[in-house]
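One structure below.
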Amino acid sequence: MRTILYVGSSTDLSYEHELLEEWGKRGVAIAQVSALNADDADATAKPAPDPLQDVDVVVLESGEMNSDLLESHPDLSAVVILDDKAKVDVEAATRAEIWVTYAANRALLSRLPFVNSQSPSRSARRHALQDALASIAGERPSGRVNEL
């Protein structure tokens, strides 16, 4: 089964589940974590499991994907940036042959000054999922930032 991991998302992913069902994508799982890096406050504690293990695509709403994370997870095919708060080392991703895409809100209403939301719109979320599925299928995602 293919896995898309949403990071930093406080958004309920029921919309994404609906889209997967509508598109007939039964072999794709969606997971969600609040952050990739756990606090190192207790050095004696058992190490937390790697949230990126067996993950094909990361949809990053907040947080950072640095070169260490990107280069140590060769199974990743793409990182989709869902919000300007998210940061990705594009050069490291390109070296690791990982697509980086930006799922901008492409809806016309989002460009109006009175439309101001703190969470990504359905348009951006739909494009993030489309880019994730394209990269899983080995296709070039539409919102790509880098070239491989």
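No experiment lies behind these values; they were computed from the predicted model shown.
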Checklist entry - Has R122 got its NZ or CZ under 6.0 Å from the middle of the six-membered ring of Y15, at an angle within 45 degrees of the ring axis? => result yes
Checklist entry - Please walk me through it: do L60 and V80 pass side-chain contact (heavy atoms from CB on, under 4.5 Å)? => result CA-CA 6 Å; L60 196 61; V80 181; over 6 Å; no
Next on the checklist: If hydrophobic clusters are built by linking Ile, Leu, Val, Met, Phe, Trp and Tyr wherever their side-chain heavy atoms come under 4.5 Å apart, do L36 and L13 end up in the same one?
Outcome noted: no
Checklist entry - Is a donor on one side and an acceptor on the other found under 3.5 Å between the side chain of D89 and the backbone of A92? => result yes
Next on the checklist: Apply side-chain contact (heavy atoms from CB on, under 4.5 Å) to residues V57 and L5 and explain how you reach the verdict.
Outcome noted: CA-CA 6 Å; V57 177; L5 180 67; over 6 Å; no
Next on the checklist: Applying salt bridge (Lys or Arg N to Asp or Glu O under 4.0 Å) to E16 and R126, what does each step give before you reach the verdict?
Outcome noted: CA-CA 7 Å; E16 285 76 2; R126 180 183 195 96; over 6 Å; no
Item to check | Y102-D84 side chain donor-acceptor pair, cut-off 3.5 Å | outcome: yes
Checklist entry - Taking a hydrophobic cluster as the set of Ile, Leu, Val, Met, Phe, Trp and Tyr residues connected by side-chain heavy atoms closer than 4.5 Å, whether directly or through intermediates, do V33 and V79 fall within one such cluster? => result yes
Checklist entry - Does any N or O in the side chain of T3 come within less than 3.5 Å of the main-chain N or O of A29, such that one atom is a donor and the other an acceptor? => result no
Checklist entry - Quick one: do L70 and V59 end up in the same hydrophobic cluster if we chain Ile, Leu, Val, Met, Phe, Trp and Tyr together by side-chain heavy atoms under 4.5 Å apart? => result no
Item to check | Name of the residue among I136, L19, I4, L133 meeting side-chain contact (heavy atoms from CB on, under 4.5 Å) with K25 | outcome: L133
Checklist entry - Between the side chain of N146 and the main-chain N/O of V100, is any donor-acceptor distance below 3.5 Å? => result yes
Item to check | Test log, rule side-chain contact (heavy atoms from CB on, under 4.5 Å), inputs S62 and V7 | outcome: CA-CA 7 Å; S62 65; V7 177; 5.9 Å; no
Checklist entry - When you look at H73 and V55, which way does the side-chain contact (heavy atoms from CB on, under 4.5 Å) test go after all the steps? => result CA-CA 9 Å; H73 292 88; V55 169; over 6 Å; no
